[in-house]
Number of protein chains: 2
Amino acid sequence: MTARTTSETARDIPEATVARLPVYLRALTTLVEAGTQTCSSEDLAAAAGVNSAKLRKDLSYLGSYGTRGVGYDVDYLRYQIAREIGVTQDWPVVIVGIGNLGHALANYSGFRSRGFRVVALLDADPERHDEVVAGVDVRAFDDLEQIVADQGVAIGVIATPALAAQAVADRMVACGITSILNFAPAVLSVPDGVDVRKVDLSIELQILAYHEQRKAQSA
Amino acid sequence: MTARTTSETARDIPEATVARLPVYLRALTTLVEAGTQTCSSEDLAAAAGVNSAKLRKDLSYLGSYGTRGVGYDVDYLRYQIAREIGVTQDWPVVIVGIGNLGHALANYSGFRSRGFRVVALLDADPERHDEVVAGVDVRAFDDLEQIVADQGVAIGVIATPALAAQAVADRMVACGITSILNFAPAVLSVPDGVDVRKVDLSIELQILAYHEQRKAQSA
DNA sequence: TAGATTGTTAATCGATTAACAATC
DNA sequence: TAGATTGTTAATCGATTAACAATC
């Protein structure tokens with residue numbers, strides 16, 4: 001890590017706040033689309049599904065973008081949050097593993113509309129190559145290094161079976177990818193400096209089952 | 001909520017711990033499949049990607065299932081965790097919205113193998129009815145009430161576009177579903193007593209983008 | 001000025017971690 | 001008994017919340 005002077009130092013935003021910024025961004029986008037120009041912290045909090053104290057505390061880490069007695073300019077606040085998250089620029093992304101989930105991800109319009117561009121779909125199975133999914137050619141996994149270098153890819157998505165996931169992650173890291181979104185049900189080990197986030201469909205269901213079971217017990 | 005005597009009171013397990021139990025369960029299943037019979041908290045923590053202090057603290061909320069000086073019986077601990085989560089029984093689940101993501105979810109083998117059974121796929125589009133996905137007929141959304149009543153469904157999955165999600169949730173709640181897993185990029189409002197969990201693919205990517213942007217700045 | 005609403009403070013709550021006594 | 005490892009304690013850290021002074 002390089003030392004920075006105070007003025008350069010990005011404010012340290014708590015992880016819990018970072019995780020909610022995209023939620024606020026989406027709520028603001030909805031408000032913009034509805035033609036709303038100004039909103040209070042109460043309004044925005046309701047739209048985002050949090051309480052207003054938490055919202056104001058979260059926004060306070062970014063700066064002071066509201067007007068006391070008035071509220072927030074929806075469009076301005078939306079831009080500030082987008083800039084803070086980093087989605088005013090476009091992030092090229094590769095998806096590895098084009099099974100059912102990979103297909104769904106490739107077709108997911110929410111990526112493109114939120115600052116992400118799927119530049120390549122890779123699969124180990126030669127049968128899949130030259131298939132076209134969501135307007136993008138499926139290519140050989142071995143093309144990874146070339147694509148990452150050419151397109152400056154920093155973010156990779158793993159949608160392979162669990163057994164392949166670690167090997168894919170290793171290759172990604174080796175060629176310079178430093179952020180991985182992992183849909184495979186496997187724990188990945190990566191060096192320091194590489195971020196991994198995990199989405200596990202069945203884990204979410206299990207958490208619901210736990211609470212459901214308790215409801216049944218107390219009924 | 002009904003009052004309960006002390007002996008009936010289920011131990012109150014912190015949410016953060018509940019969210020990790022499925023991770024431990026998966027790690028234990030992997031160990032069982034590898035033929036491992038005993039493991040230390042250090043071993044299991046490594047397999048689950050947490051530190052061993054956290055693991056032991058988490059397990060302590062469930063009871064005392066290890067042996068000092070020895071470790072944990074893998075199979076026994078796995079059963080205890082599965083029982084605590086509630087996945088020793090089978091949970092019937094309905095999925096509403098059979099687009100790309102709904103397809104992927106319907107085909108996801110991780111549901112069935114972890115205590116969930118997809119009993120129905122519903123879609124508002126009549127063109128999709130009588131399609132068969134993952135061996136299950138796609139049926140009309142209007143069949144929801146019937147299916148929930150017949151099969152005793154408590155958990156619903158929403159994979160519709162954002163605009164339809166709240167209406168689907170309302171119908172689910174009205175016919176007795178008390179746990180909802182929401183993949184639609186929308187904030188749902190539901191009455192007390194109904195649990196909603198949200199999986200948002202683009203939010204995870206945005207969190208990665210935030211950190212990626214900061215890495216680039218400090219480089 | 002009066003009313004409204006932000007941004008901040010301080011108290012509270014919950015989660016994490018390291019250390020170690022208990023005990024196999 | 002000696003070595004290993006759990007289960008628990010207590011300290012620390014981070015997140016949430018309510019209240020309100022600042023200010024439009």
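Fair warning: this is a prediction, and the values are worked out from it, not measured in the lab. Convention: sequence-line order gives letters A, B, ...; per-chain numbering from 1.
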Checking contacts here: which listed nucleotide ([options]) is nearest the side-chain heavy atoms of [X]?
X       : options                : answer
A:Ser41 : C:dT9, D:dT6, C:dT6    : C:dT6
B:Lys57 : D:dC24, D:dT9, D:dT17  : D:dT9
A:Ser64 : D:dT17, C:dA15, C:dG7  : C:dG7
B:Ala16 : C:dA15, D:dT8, C:dT17  : C:dA15
A:Arg68 : D:dC24, C:dA15, D:dT6  : D:dC24
A:Arg20 : C:dA18, D:dT16, D:dA15 : D:dT16
A:Thr67 : D:dC24, D:dT5, C:dG7   : D:dC24
A:Lys54 : C:dT6, D:dT6, D:dT16   : D:dT16

Check: Side chains of A:Leu188 and A:Ile158: does their closest heavy-atom pair fall under 4.5 Å?
Finding: yes

Note to self: In the structure I gave you, are the side-chain heavy atoms of A:Arg20 and A:Thr17 within less than 4.5 Å of one another anywhere?
What the structure shows: yes

Mind calculating the distance between [atom1] ([X]) and [atom2] ([N]) to the nearest angstrom?
X       : N      : atom1 : atom2 : answer
B:Tyr61 : D:dT8  : OH    : P     : 11 Å
B:Asn51 : C:dT16 : CG    : P     : 9 Å
B:Leu55 : C:dA15 : CG    : P     : 16 Å
A:Ile13 : D:dG14 : CD1   : P     : 15 Å
A:Asp58 : C:dT6  : CG    : C1'   : 14 Å
A:Tyr65 : D:dT23 : OH    : C1'   : 19 Å
A:Leu44 : C:dT5  : CG    : P     : 14 Å
A:Arg56 : C:dT9  : CZ    : P     : 14 Å

Next item on the list: Tell me the partner of C:dA22, counting only Watson-Crick (N1-N3 plus N6-O4 or O6-N4) or G-U wobble (N1-O2 and O6-N3) with both under 3.5 Å; none if nothing fits.
Entry: D:dT5

Notebook entry, point to check: Watson-Crick or G-U wobble partner for D:dA10, using a 3.5 Å limit on both distances?
Noted result: C:dT17

Note to self: If you compare all heavy atoms of A:His103 against all heavy atoms of A:Ile98, which two are closest, and at what distance to 0.1 Å?
What the structure shows: ND1-O, 3.5 Å

Item checked: Nearest atoms (heavy-atom pairs only) where B:Ala47 meets A:Val187 -> O-CG2, 3.4 Å

Notebook entry, point to check: Just checking A:Ala53: base, sugar-phosphate only, or nothing, at a heavy-atom cut-off of under 4.0 Å?
Noted result: base

Next item on the list: Scan A:Glu15 against the nucleic acid and name what it touches under 4.0 Å (heavy atoms): base, sugar-phosphate only, or nothing.
Entry: sugar-phosphate

Next item on the list: Check whether any side-chain nitrogen or oxygen of A:Tyr72 sits under 4.0 Å from OP1 or OP2 of D:dC24, and answer yes or no.
Entry: no

Item checked: Comparing A:Val70 and A:Pro14 on DNA chain D - which has the more 5′ nearest nucleotide -> A:Pro14

Margin query: Under 3.5 Å, is there a donor on one side chain and an acceptor on the other for B:Glu33 and B:Thr29?
Written below: no

Check: When you measure from the side chain of A:Gln166 to the backbone N and O of A:Ser189, does any donor-acceptor pair fall under 3.5 Å?
Finding: yes

